[in-house]
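Down below is the structure, laid out as structure tokens.
All residue numbers in this chain count up from 1 along the given sequence. Start at 1 and go down the list; that is how both ligands and their atoms are numbered.
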Amino acid sequence: MTEKKTLRFGLAGFPVGHSVSPELHRRLFEVKRVQAEYRLFEIPPDRLAEKADFLLSLDGCNITIPHKQAIIPFLNGLSKEARCFGAVNTLHGGQGFNTDVAGFARSLSMLCGGSLPQRALVLGAGGTASMMIGYLLSKGVSVTVSVRSPKSASVKALTERYGGQVPVQPLDSISGGFPLVCNATPCGMYPKSDAAPLSEQALSGVQFLFDAIYNPGKTLLARRAEALGARTLCGMTMLVYQAAAAEELWLGTTFSEVELAPVIREMELLTAAKYEAAGRHVLLSGFMGSGKSFYGRRLAGSLGLPFVDSDEEIVAAAGMPVPDIFAAKGEEGFRRLEQETVLKLLARSERSVLALGGGALHYGDNAQRFRKHGYLVFVDTPFETCLSRIKGDKNRPNAAGDVRTLYDRRLPLYRQSADYCFKP
Ligand code: NAP
């Protein structure tokens, strides 16, 4: 029997340590059941020339800052998009591609539906802004650019690229009236997530807002636009779609929206747990069969943290399975043991991802106490899915009763106490 070959992919940039690309691509490979590895290659600018052959020898590679332009002389050719934007983010077969455009285009079509508004405001003048402007102009949208420093070299480059087609205005002079606003600045990105490039007043009249930032999952700018009644979309969708477009090239496959939607949601959960939960334990709450252990294990793996299943800890501490604890001590006795076990785990200084029992939050003041030490994620799985997973499970004493009533009774507290609601 011949062994299946592991395909080799990666991301080259400098620095790349904080990239979520390995996790994202791993999930996409999983969707297509492809055996592949995706590694990070930290290559300083002065070493790109000596590493270029290696990067081209891989089955596929992503390229990020500062190599998006510098890689071009080492390639056999460029795709139309890479040539048009003068930037490469994907290598395949010796050629350079730019899949950010596909990521942006698919995000905009999800946000705005079939037709784009006639006028748009793009914030920023870097590589991403330039790509957005080029795409919007190609779709017949009239674009205004807004920046904090109108005399910068990047504004000059942008003006040269697009000639007189794009008026440039300082950010503090914007007074609204743009139905579509696209943010391509890092303003509002974690840890400075209480900043936004535009005030509510400058957003007046906005109908659609796209923010390229994906961490936090919803920026202050997006929240401001939503308060004005706009539809918004933040950057994780673009990030996932550009990664999927790269894999479509590498693997000769296509990804559907249905396949990508859960990847986007899981990647949003990962960034929330990585940045918003910073320093705290991550606790997963939710009904029996909601997938707390499954997603908890994956999240722990991605975050490089230990995973703990509170039921397993209780069973180990009591020296008997859950149904026996219920039989010996009643549900009240089990809940007390559960409270004690979880509080002990939360008191540990080493962070962990912890899956709670389905009724853990509903005992005494557990919800408040657990939240003090942990970032609470509610795994919001529909009742029917939970039911199909727990039916006939002898290890779950509460699965034998009226589970629908129990689900309805527990749902409000899961929601109210959650720092983050994750719909698998
Ligand atoms: P870039 O080339 O460094 O350009 C950044 C632009 O933002 C510059 O015009 C810069 O202006 C401006 N800017 C920086 N800080 C600002 C602030 N505090 N207030 C107002 N303007 C500010 O970066 P880029 O590669 O285009 O990326 C821009 C953003 O898009 C980043 O947040 C990045 O994470 C995000 N992005 C997301 C995706 C995705 O898939 N979701 C893909 C690519 C990029 P100055 O010249 O004045 O500094």
Please list every donor-acceptor pair under 3.5 Å in which a side-chain atom of residues 221-239 meets a protein atom from a residue at least two apart or in another chain.
residue : atom : partner : partner atom : Å
Arg224  : NH1  : Leu198  : O            : 2.8
Glu226  : OE1  : Lys218  : NZ           : 3.2
Glu226  : OE2  : Lys218  : NZ           : 3.0
Glu226  : OE2  : Thr232  : OG1          : 2.6
Arg231  : NE   : Leu111  : O            : 3.3
Arg231  : NH2  : Met110  : O            : 3.2

Between the side chains of Asp59 and His92, is a donor N or O closer than 3.5 angstrom to an acceptor N or O? no

Among all residues two or more places apart in sequence or in another chain, which pass the side chain to side chain contact (heavy atoms under 4.5 Å, CB included) test with Ala277? Val282, Arg351, Tyr375

Taking Asn215 for the side chain and Thr271 for the main chain, is one N or O donor matched with an acceptor at less than 3.5 Å? no

Ring pair (Phe, Tyr, Trp, His ring centres under 6.0 Å) filter on His281, not counting sequence neighbours, yields none

Centre-to-centre under 6.0 Å for Phe9 and Tyr38, is that the case here? no

Every pair of nitrogen or oxygen atoms between ligand 1 and the protein that is under 3.5 angstrom apart - can you list them with their distances to 0.1 Å?
residue  : atom   : partner : partner atom : Å
ligand 1 : 2 (O)  : Gly127  : N            : 3.2
ligand 1 : 9 (O)  : Ala125  : N            : 2.8
ligand 1 : 15 (N) : Arg148  : NH2          : 3.4
ligand 1 : 18 (N) : Arg148  : NH1          : 3.4
ligand 1 : 25 (O) : Thr128  : OG1          : 3.3
ligand 1 : 26 (O) : Gly127  : N            : 3.3
ligand 1 : 26 (O) : Thr128  : N            : 2.9
ligand 1 : 26 (O) : Thr128  : OG1          : 3.0
ligand 1 : 27 (O) : Thr128  : OG1          : 3.3
ligand 1 : 40 (O) : Leu239  : N            : 3.3
ligand 1 : 41 (N) : Ala212  : O            : 2.9
ligand 1 : 41 (N) : Gly235  : O            : 3.0
ligand 1 : 47 (O) : Arg148  : NE           : 2.9
ligand 1 : 47 (O) : Ser149  : OG           : 2.5
ligand 1 : 48 (O) : Arg148  : NH2          : 2.9

